[in-house]
Amino acid sequence: MAENYWSAKHGGYIKCLVEGCNHVGIIITTAHCRLEHGMTQEEVRKKYGLPTNVSKLNRKQIESLREGADK
């Protein structure tokens, strides 16, 4: 069962910390970790840390975050 830190607080978002990953959402699933990074959530946590909370963003701000990660 996923711990609370893999889900955003009500009305917020979290960002995956894996280098090069642009995933921002309300949850980071075990499937995301396995399919996108080839690791379990626990392996992601040990290597990169826990997902970070980001404030409530609009679509334009989320796209800006994603574009910044691509640079």
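What you are looking at is a predicted structure, and each value in this text was computed from that prediction instead of being measured. One-based numbering along the sequence shown. What you see below is based on every heavy atom in this structure, not just the backbone, and it leaves out hydrogens, waters and symmetry mates.
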Indicate the atoms forming the closest heavy-atom contact of [X] with [Y], along with that distance.
X: C33; Y: I28; answer: SG-CG2, 3.9 Å
X: I26; Y: G12; answer: CG2-O, 3.7 Å
X: C21; Y: K15; answer: O-NZ, 3.1 Å

May I have all residue pairs that pass salt bridge (charged side-chain N to carboxylate O under 4.0 Å, His left out) and include part of residues 29-45, sequence neighbours excluded?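 Checked against salt bridge (charged side-chain N to carboxylate O under 4.0 Å, His left out) - neighbours excluded - the pairs reaching residues 29-45 are E42-R45.
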Within this structure, what is the CG-OG1 distance for the pair L35 and T29, rounded to the nearest 0.5 Å? 7.5 Å
Tell me which donor-acceptor pairs under 3.5 Å the side chains of residues 46-53 have, and how far apart each pair is, sequence neighbours excluded?
none

Contacts of type ring-ring contact (aromatic ring centres under 6.0 Å, His included), residue H32, not counting sequence neighbours: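 Partners of H32 under the ring-ring contact (aromatic ring centres under 6.0 Å, His included) test: H23, H37.
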Side chain proximity check, [X] to [Y], heavy atoms < 4.5 angstrom:
X: V44; Y: V18; answer: yes
X: Y13; Y: I27; answer: no
X: V24; Y: I14; answer: no

